[in-house]
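Just below is one structure, and these are the notes that go with it.
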Amino acid sequence: MINSGHVRLSVGAVNVRTGNFAYFDSDKQRIDARHIMASGALPPGFTPVEIDGEHYWDGGLVSNTPLQYVLDQPGKRHRVVFQVDLFAAEGELPSTLAEVIEREKDIRFSSRTRLNTTNELDRQVVAKAAQRLLAKLPPELRDDPDVRALTRMRNSHGVDVVHLIYRSKHYESQSKDYEFSRVLVLEHWQSGLADMSRTLHDRRWVNHQPLSHGVHVFDLTSASPTPTKSTS
């Protein structure tokens, strides 16, 4: 099904030799078990996975979310993105060495959603300003190389990002990034199911009217949603 074209799958990994981030995309190549394994090969617990002569580790070493990759894809329709973070960026000040290790992992693996959103807002503002400027130019300047470069700036439609953040249980420790016991995995599945169910039935989400432009981020597990939108 993945390679049939009905559903698009993209997974990220890091090239061990170059340190560069790579996306394996079913829209551009055939995806097999190696690509999935590479995207989850977190060192030192898992060895790198070889693909076409290169070796790859978990993409979370560079960025634990493909949000920017999704936003960079061309398209003219409004988008709804559900982003799941298994590590929370916010947390308490650690007081023991074990808590320091755990907190360091939370910060390292938490997704840079706010940074990506801010960058996207800035890019949309510039793109809309460029469009207005181009409309004011005389015809003789339309073929100028700088003008043609501005016309290629992406001006996407609105994007809603629903941010689901897993909150660690008090008994979880610095080993939670490689703790895959059946009990804990089943508990994580139940937690995700409950969070998703609450989100899809939350009236703040259900009654939300998407706008034609801008990026809106919602964390509906908090006391109130945190929408952020671009201006033009």
Side-chain angles (χ1 to χ4, degrees), residues 1-43 45-87 108-117 119-120 123-124 127 152-166 177-178 180 185-186 188-193 195-197 199-200 205 210 213-218:
M1 283 294 294
I2 292 177
N3 295 300
S4 66
H6 296 296
V7 177
R8 182 176 179 180
L9 175 66
S10 304
V11 294
V14 177
N15 187 306
V16 179
R17 182 180 60 83
T18 66
N20 293 331
F21 202 90
Y23 278 105
F24 303 117
D25 191 334
S26 64
D27 194 50
K28 302 175 182 178
Q29 65 195 110
R30 182 174 180 81
I31 299 295
D32 59 41
R34 298 172 303 162
H35 304 100
I36 306 303
M37 293 171 62
S39 70
L42 184 64
F46 296 95
T47 59
V49 177
E50 182 178 356
I51 300 175
D52 299 331
E54 296 286 355
H55 292 79
Y56 295 91
W57 270 331
D58 190 326
L61 294 176
V62 174
S63 177
N64 213 28
T65 175
L67 176 61
Q68 194 60 51
Y69 187 74
V70 173
L71 296 178
D72 285 340
Q73 302 308 304
K76 296 182 179 181
R77 299 176 60 186
H78 183 273
R79 302 181 188 187
V80 178
V81 179
F82 290 90
Q83 175 170 303
V84 180
D85 278 351
L86 300 181
F87 298 85
R108 175 155 47 104
F109 293 125
S110 61
S111 298
R112 299 172 296 177
T113 304
R114 295 294 181 258
L115 175 61
N116 288 335
T117 303
N119 291 340
E120 181 65 16
R123 182 160 52 181
Q124 287 203 18
R152 291 193 294 269
M153 291 188 63
R154 177 169 59 84
N155 187 25
S156 61
H157 287 237
V159 178
D160 287 342
V161 178
V162 181
H163 200 185
L164 296 140
I165 306 174
Y166 175 71
D177 59 330
Y178 56 86
F180 298 120
V185 168
L186 290 175
H188 283 182
W189 285 353
Q190 290 300 318
S191 178
L193 179 62
D195 284 348
M196 198 72 226
S197 179
T199 295
L200 292 178
W205 166 251
H213 293 86
V215 180
H216 301 251
V217 179
F218 292 92

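Computed from a prediction, not measured in an experiment: that's the story for all the values here. Hydrogens, waters and symmetry mates are skipped; everything else that's a heavy atom, side chains included, is used.
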Treating [X] as the side-chain partner and [Y] as the backbone partner, does any N or O pair qualify as donor plus acceptor under 3.5 Å?
{"X": "Gln190", "Y": "Leu186", "result": "no"}
{"X": "Arg79", "Y": "Val70", "result": "yes"}
{"X": "Asn3", "Y": "Ile31", "result": "yes"}
{"X": "Ser197", "Y": "Leu193", "result": "no"}

Summary of salt bridge (Lys or Arg N to Asp or Glu O under 4.0 Å) pairs that have at least one residue in residues 57-68, sequence neighbours excluded: none

Mind checking the [atom1]-[atom2] spacing from [X] to [Y]? Nearest 0.5 Å is all I need.
{"X": "Thr199", "Y": "His163", "atom1": "OG1", "atom2": "NE2", "result": "11.5 Å"}
{"X": "Asp25", "Y": "Arg30", "atom1": "CG", "atom2": "CZ", "result": "14.5 Å"}
{"X": "Asn15", "Y": "His55", "atom1": "CG", "atom2": "NE2", "result": "10.0 Å"}
{"X": "Leu9", "Y": "His35", "atom1": "CG", "atom2": "NE2", "result": "10.5 Å"}
{"X": "Leu42", "Y": "Thr47", "atom1": "CG", "atom2": "OG1", "result": "12.0 Å"}

Those residues at least two apart in sequence (or on a different chain) that pass ring pair (Phe, Tyr, Trp, His ring centres under 6.0 Å) with Phe21 are Tyr23

Start with the C-alpha distance between Val161 and Phe218, add both sets of side-chain angles, then the distance that settles side-chain contact (heavy atoms from CB on, under 4.5 Å), and finish with yes or no. CA-CA 6 Å; Val161 178; Phe218 292 92; over 6 Å; no

For the residue pair [X] and [Y], what are the closest heavy atoms and their distance?
{"X": "Val7", "Y": "Ser26", "answer": "O-OG, 3.8 Å"}
{"X": "Ser4", "Y": "His6", "answer": "OG-CD2, 3.1 Å"}
{"X": "Gln29", "Y": "Phe24", "answer": "OE1-CA, 3.3 Å"}
{"X": "Gly40", "Y": "Phe46", "answer": "O-CD1, 4.0 Å"}
{"X": "Ala13", "Y": "Ala38", "answer": "CB-O, 4.1 Å"}

Show your working on side-chain contact (heavy atoms from CB on, under 4.5 Å) between Leu164 and Gln83 and close with a plain yes or no. CA-CA 6 Å; Leu164 296 140; Gln83 175 170 303; over 6 Å; no

Applying side chain to side chain donor-acceptor pair (under 3.5 Å), can you list everything that pairs with Arg34, at least two apart in sequence or on another chain? Asp32

Apply side-chain contact (heavy atoms from CB on, under 4.5 Å) to residues Trp205 and Asp160 and explain how you reach the verdict. CA-CA 10 Å; Trp205 166 251; Asp160 287 342; 4.2 Å; yes

Check: Ser10 and Asp27 side chains under 4.5 Å, non-hydrogen atoms: no

Quick one, Tyr56 and Pro48 - any side-chain contact, counting heavy atoms below 4.5 Å?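 No, side chains not in contact.
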
